[in-house]
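Positions are given from 1, in the same order as the sequence printed here. Owing to the predicted nature of the structure, the values given are computational and were not obtained by experimental measurement.
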Amino acid sequence: MKYLYDTNVFIDYFSGEPQVDPLFDFDFLQENTIILSTIVKIELLGYPNLSQQQFQEIKDSLAIFDLVFINPSVETQTIQLRQQHKIKLPDAIIASTCLTENAILVTRNVNDFKNISSLEVINPFANQ
């Protein structure tokens, strides 16, 4: 399977939330493809007040994932989503990346994506 982790999943992981640990398990990462949207990388590394050590740890952690840039397909899909739905630009880019890459979105913020019926979304906190 192919997954894209939303920014909040990484924040939860770095904060020690046990619900997301299975998503970062060695076997899970070996058996699946995890892609990273450029916007997620920007959001994580652009977080205010990160120490240099935190910045480097996050940057190193993200390096193991396949980075997907905003290419023409993602751009076109993002424009369409923004025209069809009331959705913030970063969320539209994330959703478009998933749709373009045929990936499943993993996020705690399922309400941000609820109107995009063609998008498969998993909430790691849903089974609490």
If I compare all heavy atoms of Ala103 with all of Leu4, which pair ends up nearest, and what's the gap?
CB-N, 4.2 Å
If you round to the nearest 0.5 Å, how far is NZ of Lys86 from CG of Asp112?
12.0 Å
Might you work through the side chain to side chain contact (heavy atoms under 4.5 Å, CB included) test for Asn49 and Tyr47, ending with a clear yes or no?
CA-CA 7 Å; Asn49 303 319; Tyr47 194 78; over 6 Å; no
Distance (rounded to the nearest 0.5 Å) between Arg82 CZ and Ile93 CD1
8.5 Å
Would you say Val20 and Phe14 make side-chain contact, with heavy atoms under 4.5 Å?
no
Give a yes or no on whether Ile87 and Ile79 share a hydrophobic cluster (residues Ile, Leu, Val, Met, Phe, Trp, Tyr; joining criterion: side-chain heavy atoms under 4.5 Å apart).
no
Rounded to the nearest 0.5 Å, what separation is found between the CG atom of Leu81 and the CD1 atom of Ile94?
12.0 Å
Show me the pairs that pass salt bridge (charged side-chain N to carboxylate O under 4.0 Å, His left out) and involve residues 1-11, at least two apart or across chains.
Lys2-Glu101
Once rounded to the nearest 0.5 Å, what's the spacing between atom CD of Glu75 and atom CD of Gln80?
11.0 Å
Which heavy atom of Gln77 sits nearest a heavy atom of Ser96, and at what distance?
C-OG, 3.2 Å
Determine, using the 4.5 Å side-chain heavy-atom cutoff (strictly less than), whether Ile42 and Leu89 are members of one ILVMFWY cluster.
no
Is there side-chain contact between Ile70 and Thr97, with heavy atoms separated by less than 4.5 Å?
no
Under 6.0 Å between ring centres, would you say that holds for Phe28 and Tyr3?
yes
Quick check against the 3.5 Å criterion: does Thr107 have a side-chain atom that pairs as donor or acceptor with the backbone of Asn109?
yes
Atom of Pro22, atom of Gln19 and distance for their closest heavy-atom approach:
CD-O, 3.6 Å
Salt bridge (charged side-chain N to carboxylate O under 4.0 Å, His left out): which pairs involve residues 39-49, sequence neighbours left out?
none
Side chains of Gln52 and Gln56: donor-acceptor distance under 3.5 Å anywhere?
no
Arg108: which of Asp12, Asn8, Asn123 passes side-chain hydrogen bond (donor to acceptor under 3.5 Å, both in side chains)
Asp12
Measure the spacing between CG of Leu44 and NZ of Lys59 and express it to the nearest 0.5 Å.
13.5 Å
Supply the atom-to-atom distance Met1 CE to Asn102 CG, rounded to the nearest 0.5 angstrom.
10.5 Å
Which residues share a side chain to side chain contact (heavy atoms under 4.5 Å, CB included) with Leu29, sequence neighbours left out:
Tyr5, Ile34, Ile64, Phe65
I'd like to know if the side chain of Thr38 reaches the main chain of Val68, judged simply by a donor and an acceptor atom lying under 3.5 Å from each other, with no hydrogens or angles considered.
yes
Val74 and Phe69 have their tightest heavy-atom pair at CG2-O, 4.1 Å
According to a hydrophobic-cluster definition based on side-chain heavy atoms being under 4.5 Å apart (Ile, Leu, Val, Met, Phe, Trp, Tyr only), do Val106 and Phe26 belong together?
no
